[in-house]
Every structure is written in C-alpha cells, then in structure tokens.
Amino acid sequence: MLKHNQLWTLMITIFVLNTVLSVSAMQSEHNKGEVESTSVYGGILNQFSQSVKASDDDVASATFHAVKFLLQQQKHMCLSSIDVKQGLYPVTIQFVSKHVLQYTRDGHTKAFISYRDQQFRIQRRAVILGVTYYMTMQFQGADPKLASIWHHFAVTMDRSKVFSVLSHYTTVNASPQETTRSSHAIYRSGTWYLLDEPAKQLSASLATLVGKGFVPQQGQVVALQPHTCWIGGSQVYTSVKYFASMQRQAILWTETAINHKQTATSEPRITVVSYNIWNLNQFEEGKYNQRIAKLAEQVRAESPDLIAFQEVRHDAQRGCQLETLAALLPGYEFTFQAAMSYPENTWHRVEEGIAVFTRLPVYSVDYIQLSRDVTNPNDAHQRIMFRTTVDIPSFGPFSVVSSHFALDERARHRGCVEAANFLFNKPWPFAFLGDLNAEPDTPGMRFLIGQHELSGQTVTGMYDLWLQHHAEPRPGNKYSSKEEKRDPGLTFNTFGDNLVKRIDYALIRQHPAVTTPWIRTIPEHLDRNPASDHTGLVFEIMFHP
C-alpha cells in the first residue's frame, strides 16, 4: 500500500507526464537536442517551419478560427450569409509558415525541464509554449471577374489548443506583395470627394451609377481608378448588378477615418493615439473588463485613424487583448509584435508587446529587438522597436513606430541610439510613440531631439510634439501640495495623487510636407478609477502633397 508521500509523488508524476504528452505533436523534430539558434523575440527561439500545407489539420483549425474571427468579431468577411450556412468558403490559403514557440532562457538554446516518468526514470523535455501560424488568405470575389482580397493573419495556438488572432490586415489587387495604392472617391453627405486622379474617368463612372439610382451609404468607399474598388477589391462597372455582387463581400476598407475629415480641396489629415494600456492588470480583482472598456471608449471618442498601444498581452489563461481590443474597436485592422514571452507555472504562456490599430492601408511591417543585459533586473525584459507603415491617400508612406523602453537608464541609452538608427533607415516621415520610461531632461530623451550626444552620435530632424504646443509640465516635486492642480502633459501615474511624470511621447520626424497642428492627453480629466496607469496622447497630422 502506498504511503501518503508516495501517492502524492505518483500523482504529480502522472500529471506532468500527461502535460508533456499533450503537446508531443508540437515538439516533433524540435525536441531532438539543444539546437543553437537566435531569439525571434524575448524568450522565444527563431524556430520557423515552412514545410507545412494548408490542408494540415492544425493549419486548417487555425484557418477556421481566422474565418470565424472575420465573421463574428471584425465583421470583415468576404463570404455571404448563404455561403456560411452552406459551409462554402471561397478562400485559398497561401504563404503558410509555422512558428514553434520554443522557450529559451538565454536567447540562444532551448530551455528544458526534467521529470520522472511512470517507471520513475528521469526524462528531459523542451518547453514548447505553443505555435503561431502566419498565413495569407485569398478571398475570391462573388463574381469571377472581381479582383481578390488578401487577408494577412497571425493566429496563435496555446498548449490547451485554444486559438487567438494576433494580427490581421488586408491588401487588395493582384498579389499580397502588391503595395501600390490607387486614387479613390468618397460619398459623404451627398458629395463626391475626389482625392486623386484620374478624376475624369471616376466622375463618369460615378455619374452613371448615381443616374441609375445607386446611392452609397454615408462614408462608403465606392470607386478607385477605373475598374477597381476598395470594397472587396471589386471591379467597377456601370451596371448596378455588379454592386449587388459587392454586397456579398466584406467592407474591408470603410475609409471613414480619413475621409470624414476631407473636403474636395483639403489636404489629408489623420488623428493618432498612443496609449499604454497597462496589460491585464486588475484582472484578478474583477475590474479589468470595466477598465479596458473605459479605455476603448476614450479611444473611440477621438475617432483616430492610427492607434499605437503598448503593454498589449496575449495570456493563455486570462485572454488575448488583441481580440478584446478588436471587438471594442470595430472597423480597424491591426498588427502586433510580441517583445517578450515567458512561461508561468512552467507551461502557462504570457506574451507582451506592441500593437498598432489602423483604418489606413498597411504598406509594410517590421521591427528590431533592442539590446539588453539579462543580468540586470531592470533590463531583464526584451524591448523592441515596432514599425507599421501605412499609405496616406494622395501622399504616400507614413510610419507609426512604437516602443516601451527599459527601466534601467543605461539600457535606455543603448536603446535610444539603436532606436534612432532604426527610425531613420527609411526615407519617409514617421511618428515615434510610446512609453519611454524617461523624463524629458534625461540624456536619452535629449539625445532623441538633438540636444545631447550618446555613444558619439547625435540626432537631427526629430522633435518633441508636446513642446511644439505646450510648456514643459512641472514634475511632481515642484508642486506645493498634492492638492495643487497638475500642469497638462504629465502622463504617469494616474492613480491617487501620483501624476508626477511625463514619460509618454510623440516624437515626429521633420518633413516639409508634414505639419502637426495640436496634441493633448486623454482623458483630459482623471477620475478615481482610471483606464490605465498612464494617460494617452492624441494628436493630428496634416499632409501637404
């Protein structure tokens, strides 16, 4: 008869064994030894596999979740209700790759755990936290003459076989590599706003359609250059029946973000928000859902075209903030890059990174890892520079770059130099946004706006947008009492009487065709239950082609 401690040991052994066996399919060839590699982001090795097929069971499951996400959460579907009921999915899966999330402690080698099997032999297994699938879905139009739409997805699967969408954006026309954008016309309150050429052909097509009684919805994108349309990428003909076909497709691009601010003669302008959303804090206290809903409400009130979020988490037990934000902010596509992943309780996976939500067409996405000293507790977390480049109508590429800098000052100094090199390696304008964990008078921040030298380098051509329109707010130690009203511009900490620092920034690249008329914090007035421990920033950018 087993003693109490022997029974307890056996129960633990069986539990661990079952846990390991449940992901044996994930491990396959990846558990054959300590393979040297590099990290693709903090805590995860660069273990990609492209020897996968769209017909593979796990890929099919990831695809199903992506389609379900389009139908239920984004409402950006390319299927009619009839097609869905009949189980018909006119979609082609291409460019599939699979990233096995192999945990690493040092950034180079696999992390292993040891346990005893049923025969009490010591076994050693690599720690696999999940799998992320990258794929492109090609949705063919309802009419064979219509162009196709390319949906770019990152779908992740946790160890419990739960799928979540981490990223989704679309491109239209011949191929997913197609990045050229065409001119387009907007119907708004009874007026056609032609934002680009060729206006003559567009006007003719639109006049024919309106003459036939076709009335677009307010803010709806109707036509581009002859024979192209942003709604479902459909080709434009002068027959109303083709627009009837378009109704079977998703409105992938509403264009309301920019175009409700346009006039027939105006220059493009966009509203941008940056917000540290404080990850999943207050989840255990039962206050998280209310807090994140309040944050989304604050963002929606600004009707931004671009949003940079910091501290965005995918948590295998507590939920995926990307899908939560997508549900709370309908009408946006979004990109995401994890900066750091780590296991809790050995197998429980948590990832944190940067997300960009956009109503503008995505031109490209890229990022770099900033260097870190893993022996320094204040530099233990991996930091990244994440860039999403969008296409501004009538102007061209514009980048939103976001980061969340380290707590350690030496790490920030390194990060500032690496950030500057990354920011200026593209020729077009950008906004560098984020929680940089540094006050304005520190060497790193002064370096970024050209007032200080670091590592023998200086920066020219970037300015602090807040200081273009406001005085520098006094930090917390400059007030006579906690009750004294704080200067506008302080961004941390929103709880209690601790709003004492400006550490969130909007740094703008100087460009002769770009102006920035205003900036302010959101919310403008704090309450006792703030949506985050930071305030957000909202500002406007005007483009002068």
Side-chain angles (χ1 to χ4, degrees), residues 25-26 28-30 40 46-101 128 130-158 161-179 230-234 245 248-253 314 320 322-323 326 332-338 361-365:
M26 291 184 184
S28 60
E29 72 275 9
H30 297 280
V40 69
N46 188 11
Q47 302 261 328
F48 281 90
S49 173
Q50 294 182 331
S51 58
V52 293
K53 299 178 181 178
S55 58
D56 292 348
D57 289 345
D58 56 338
V59 176
S61 296
T63 302
F64 177 79
H65 182 82
V67 172
K68 185 172 67 172
F69 175 82
L70 289 176
L71 294 172
Q72 295 180 351
Q73 197 145 318
Q74 284 274 89
K75 296 182 172 62
H76 283 175
M77 64 179 185
C78 284
L79 307 170
S80 71
S81 57
I82 297 175
D83 289 335
V84 174
K85 290 177 180 177
Q86 293 179 348
L88 302 175
Y89 297 90
V91 58
T92 302
I93 311 300
Q94 300 190 36
F95 310 105
V96 181
S97 64
K98 183 162 65 173
H99 182 198
V100 178
L101 303 179
I128 305 294
V131 179
T132 297
Y133 303 85
Y134 297 88
M135 66 185 72
T136 296
M137 297 184 188
Q138 179 191 10
F139 287 86
Q140 189 61 44
D143 188 285
K145 296 179 180 179
L146 302 182
S148 56
I149 309 96
W150 300 83
H151 289 260
H152 308 278
F153 274 101
V155 179
T156 196
M157 179 180 69
D158 294 317
K161 306 298 177 66
V162 174
F163 289 90
S164 302
V165 172
L166 300 181
S167 177
H168 167 244
Y169 63 95
T170 59
T171 54
V172 184
N173 290 332
S175 72
Q177 287 78 27
E178 181 69 50
T179 55
W230 275 104
I231 299 183
S234 305
S245 296
R248 299 186 64 198
Q249 301 185 46
I251 300 178
L252 296 172
W253 188 250
H314 169 79
C320 178
L322 282 310
E323 292 195 346
Y332 289 88
E333 296 174 0
F334 56 98
T335 60
F336 171 75
Q337 177 56 52
V362 175
Y363 185 89
S364 63
V365 179

- All ring pair (Phe, Tyr, Trp, His ring centres under 6.0 Å) counterparts of Phe336, not counting sequence neighbours: none
- Item | Partners meeting side-chain contact (heavy atoms from CB on, under 4.5 Å) with Ser167 (sequence neighbours left out) | Ala154, Tyr169, Thr335
- What is the ring orientation for Phe153 with Phe69, classed by angle as parallel under 30°, tilted 30 to 60°, or perpendicular over 60°? perpendicular
- Message: Run the side chain to side chain donor-acceptor pair (under 3.5 Å) test against His65 and tell me which residues pass, sequence neighbours left out.
- Response: Glu323
- Task: Could you walk me through whether Val365 and Gln337 pass side chain to side chain contact (heavy atoms under 4.5 Å, CB included), step by step?
- Result: CA-CA 9 Å; Val365 179; Gln337 177 56 52; over 6 Å; no
- Sorted by chain and residue number, the side-chain contact (heavy atoms from CB on, under 4.5 Å) partners of Asp58 (sequence neighbours excluded) come out as Asp56, Lys98, Tyr133
- Going by heavy atoms in the side chains, are His99 and Tyr134 under 4.5 Å from each other? yes
- Using the benzene-type ring in the case of Trp, are the ring centres of His168 and His151 under 6.0 Å apart? yes
- Please tell me if the side chains of Val131 and Leu101 come closer than 4.5 Å, counting only heavy atoms from C-beta onward. no
- Item | Audit row: Thr170, Glu333, side chain to side chain contact (heavy atoms under 4.5 Å, CB included) steps and yes/no | CA-CA 8 Å; Thr170 59; Glu333 296 174 0; 2.7 Å; yes
- For Thr156, enumerate each residue passing the side chain to side chain donor-acceptor pair (under 3.5 Å) test, keeping only those at least two apart in sequence or located in another chain. Thr132, Arg349
- Item | Under the side-chain contact (heavy atoms from CB on, under 4.5 Å) test, residues paired with Ser61 that sit two or more places apart | Phe163
- On a heavy-atom basis, the closest approach of Ile93 and Ala54 is CB-CB, 3.6 Å
- Query: How far apart are the closest heavy atoms of Cys320 and Leu166, and which atoms are they?
  - Reply: SG-CD2, 4.1 Å
- How about Val67 and Met137: do any of their side-chain heavy atoms sit closer than 4.5 Å? yes
- Is there a side-chain contact between Ser97 and Val52, using heavy atoms and a 4.5 Å cut-off? no
- Query: Can you tell if the side chain of Val59 reaches within under 4.5 Å of the side chain of Lys53, non-hydrogen atoms only?
  - Reply: no
